[in-house]
Protein chains: 2
Amino acid sequence: MNAATPAAAGGRPRAFDEEAVLDRATEVFWRHGYDGASLSVLTGAMGINRPSLYATFGNKEQLFRRVFARYHAARVAAARAALDRPRAYAAVEAFLRASADGLTADDHPAGCLSIQGGLACAPENAGIAGILAAGRAETEAALSERLIRASREGDLPDGADPRAVARFVMALSEGHAVHAAAGATRSDLQASVDIALRAVRRD
Amino acid sequence: MNAATPAAAGGRPRAFDEEAVLDRATEVFWRHGYDGASLSVLTGAMGINRPSLYATFGNKEQLFRRVFARYHAARVAAARAALDRPRAYAAVEAFLRASADGLTADDHPAGCLSIQGGLACAPENAGIAGILAAGRAETEAALSERLIRASREGDLPDGADPRAVARFVMALSEGHAVHAAAGATRSDLQASVDIALRAVRRD
DNA sequence: GGACGACTCTACCGCTCGGTACAGATCCGG
DNA sequence: CCGGATCTGTACCGAGCGGTAGAGTCGTCC
């Protein structure tokens with residue numbers, strides 16, 4: 001009955017795997033955005049019918065929140081792994097290279113759910129854009145923390161503002177997502193990363 | 001009768017200014033995206049009713065094409081003006097600074113219609129994403145041409161690929177648009193531009 | 001000054017949207 | 001083998017979507 005209930009004892013067993021159908025839903029939201037992902041397309045891709053979706057996840061918005069939370073957790077983990085390098089330059093390089101690879105990987109739609117999901121939404125779905133923006137802000141905050149530490153350690157170019165560098169790196173990554181969604185290849189993005197790294201190099 | 005007809009001789013005169021209502025439509029598409037902009041909201045903001053919209057512009061998609069063509073022409077003109085500097089560094093700086101200012105100007109929604117308009121759309125509106133991507137690609141091509149010239153003139157950092165630099169600059173600008181849509185300020189973006197310019201500096 | 005024509009407005013079209021009622025299917029515990 | 005709980009599937013709901021019919025309004029031309 002409840003969306004959070006992981007299936008109690010008795011009763012007919014669920015005919016689908018919750019994580020598997022969330023993967024399919026992720027792809028639909030990613031490809032079409034929140035507004036553009038209709039329940040018909042969602043349930044079709046997920047291979048379940050409407051009442052199952054509503055019984056399991058609540059409604060469209062709660063389904064999206066589940067989808068995005070999973071996506072975002074993975075992204076944050078990857079970012080933290082990249083940032084866990086001893087030097088700022090290497091951390092930023094790892095972040096940008098992993099990001100470029102992820103944006104063009106072929107086991108999911110090109111680009112980034114945090115952006116494709118709904119930068120601009122219908123008035124009644126304005127909250128969705130906020131959820132995504134909060135996720136991106138959290139990633140930028142992780143970057144920022146890492147670079148503030150680098151700044152203390154004298155590991156940034158002279159006079160560089162770590163928060164501004166974090167914003168720059170995050171913005172570039174978001175721009176790469178836009179490019180990837182429009183068909184840019186992995187090597188297109190990596191060449192852009194090559195350029196960007198000149199800005200972070202200590203000289 | 002026809003959408004392209006600029007009003008013939010006789011008959012009742014049009015009660016609204018075509019360019020003015022296009023401005024209002026631009027703002028709606030910008031704020032809500034193509035999928036999220038309903039005809040009710042559009043006609044409400046434009047101050048006309050549905051049949052007038054259909055008689056004048058054809059349908060929702062053709063209205064959007066008109067809106068985007070106007071927007072894009074202005075953007076390309078601004079880009080070309082910025083790029084018309086004798087040195088590549090100055091051209092890129094002017095491009096990025098003008099872009100950052102435009103993304104946070106307060107006479108229109110924050111961000112960029114080319115991205116908010118519809119990075120990811122409903123399946124039946126897939127063409128919209130293509131229109132926007134083509135517009136962005138044209139801007140990047142203008143940048144690229146300018147930098148290829150700079151490369152010939154020895155006006156880029158040693159070994160820099162002008163196309164990659166153009167992609168980098170364009171991606172950063174797109175990322176700034178995403179940031180602006182989420183509330184970044186003018187000075188936030190300009191600080192990011194400061195960082196980026198380190199990558200283009202000849203040393 | 002009347003016939004014509006472009007425009008406006010109300011009211012509506014068929015369709016799809018997100019969301020749900022209800023009956024049948026399938027498991028568990030006793 | 002039965003009672004109850006949980007899930008599945010069909011068929012449907014009201015609302016809003018993009019788009020239009022047709023009558024009324026207002027200006028131009030002969």
Side-chain angles (χ1 to χ4, degrees), chain A residues 1-21 24-25 28-29 32-67 118 121-128, chain B residues 1-22 25 28-29 32-67 118 121-128:
Chain A
M1 184 189 192
N2 195 317
T5 311
R12 179 171 175 173
R14 192 167 275 165
F16 57 89
D17 176 46
E18 200 167 310
E19 300 298 314
V21 301
R24 315 297 304 269
V28 173
F29 281 126
H32 301 304
Y34 184 84
D35 285 339
S38 70
L39 281 191
S40 300
V41 172
L42 280 166
T43 53
M46 295 164 86
I48 66 178
N49 40 40
R50 280 162 137 80
S52 295
L53 189 154
Y54 278 83
T56 309
F57 302 108
N59 63 11
K60 185 183 177 183
E61 176 170 346
Q62 287 169 35
L63 171 62
F64 183 81
R65 297 181 107 103
R66 277 283 298 271
V67 159
C121 287
E124 66 269 23
N125 302 326
I128 299 295
Chain B
M1 184 190 192
N2 194 317
T5 311
R12 180 173 174 174
R14 192 167 275 165
F16 57 89
D17 176 46
E18 200 167 308
E19 299 298 314
V21 301
L22 280 172
V28 173
F29 280 125
H32 301 304
Y34 184 83
D35 286 338
S38 69
L39 282 191
S40 300
V41 172
L42 280 166
T43 53
M46 295 164 87
I48 65 179
N49 41 37
R50 279 162 135 82
S52 295
L53 189 155
Y54 277 84
T56 309
F57 301 108
N59 64 12
K60 186 183 177 183
E61 177 171 345
Q62 288 170 33
L63 170 63
F64 182 81
R65 297 182 109 102
R66 277 284 297 273
V67 159
C121 287
E124 65 270 25
N125 302 325
I128 299 295

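In what follows, chains are A, B, ... by sequence order, proteins preceding strands, each numbered from 1.
Below 30°, between 30° and 60°, or above 60°: for Phe29(B) and Tyr34(B) the angle between ring planes is below 30°, a parallel geometry.
Distance Asn49(A) CG to dG24(C) P: 17 Å, rounded to the nearest Å. We find that CZ of Phe57(A) is positioned 14 Å from P of dG19(C), with the value rounded to whole Å. Remark: C1' of dT8(D) and CG of Asp17(A) are 17 Å apart, rounded to the nearest angstrom. As rounded to whole Å, 17 Å separates atom P of dC13(D) from atom OH of Tyr54(A). Distance, Asn125(B) CG to dC17(D) P: 14 Å, rounded to whole Å. Summarising the geometry, the separation between CG on Leu53(A) and P on dC7(D) is reported as 14 Å, rounded to the nearest angstrom. Computed from coordinates, the Lys60(B) NZ to dT20(D) P distance equals 14 Å when rounded to whole Å. Atom CZ in Arg14(A) sits roughly 13 Å away from atom P in dG9(D) (whole-Å rounding).
When distances run from any side-chain atom of Leu39(B) to the nucleotides dG18(D), dG19(C), dC17(C), the shortest one goes to dG18(D). Listed nucleotides: dA21(D), dT8(C), dG18(C). Nearest to the side chain of Ala15(B): dT8(C). Closest to the side chain of Pro51(A), from the set dG9(D), dC17(C), dC17(D), is dG9(D).
Contact check, Ser52(A) against dC7(D): no side-chain N or O comes under 4.0 Å of OP1 or OP2. Applying the 4.0 Å criterion to OP1 and OP2 of dC7(C), one finds that Thr56(B) has every side-chain N and O outside that range.
Using a 4.5 Å heavy-atom threshold, the side chains of Leu22(B) and Leu63(B) count as touching. Taking the side chain as every heavy atom from C-beta outward, Arg24(A) and Phe16(A) never approach each other to under 4.5 Å.
Thr56(A) contributes no side-chain N or O that, together with a main-chain N or O of Leu53(A), makes up a donor-acceptor pair within less than 3.5 Å. Judged purely by atom type and a 3.5 angstrom limit, Asp17(A) uses its side chain to pair as donor or acceptor with the backbone of Ala20(A).
For Arg12(B) against dG5(C), no side-chain N or O and base N or O form a donor-acceptor pair under 3.5 Å. Checked by distance alone, Arg50(B) brings a side-chain donor or acceptor within 3.5 Å of a matching partner on the base of dG18(D).
Positionally, the nearest nucleotide of DNA chain D for Gly47(A) lies more toward the 5' end than for the other of Gly47(A) and Pro13(B). Where Ile48(A) and Glu61(B) meet DNA chain D, the nucleotide closest to each residue was compared, and Ile48(A) sits on the side nearer the 5' end.
As judged by a 4.0 angstrom heavy-atom cut-off over every strand, Ala37(A) is placed among residues touching the sugar-phosphate backbone only.
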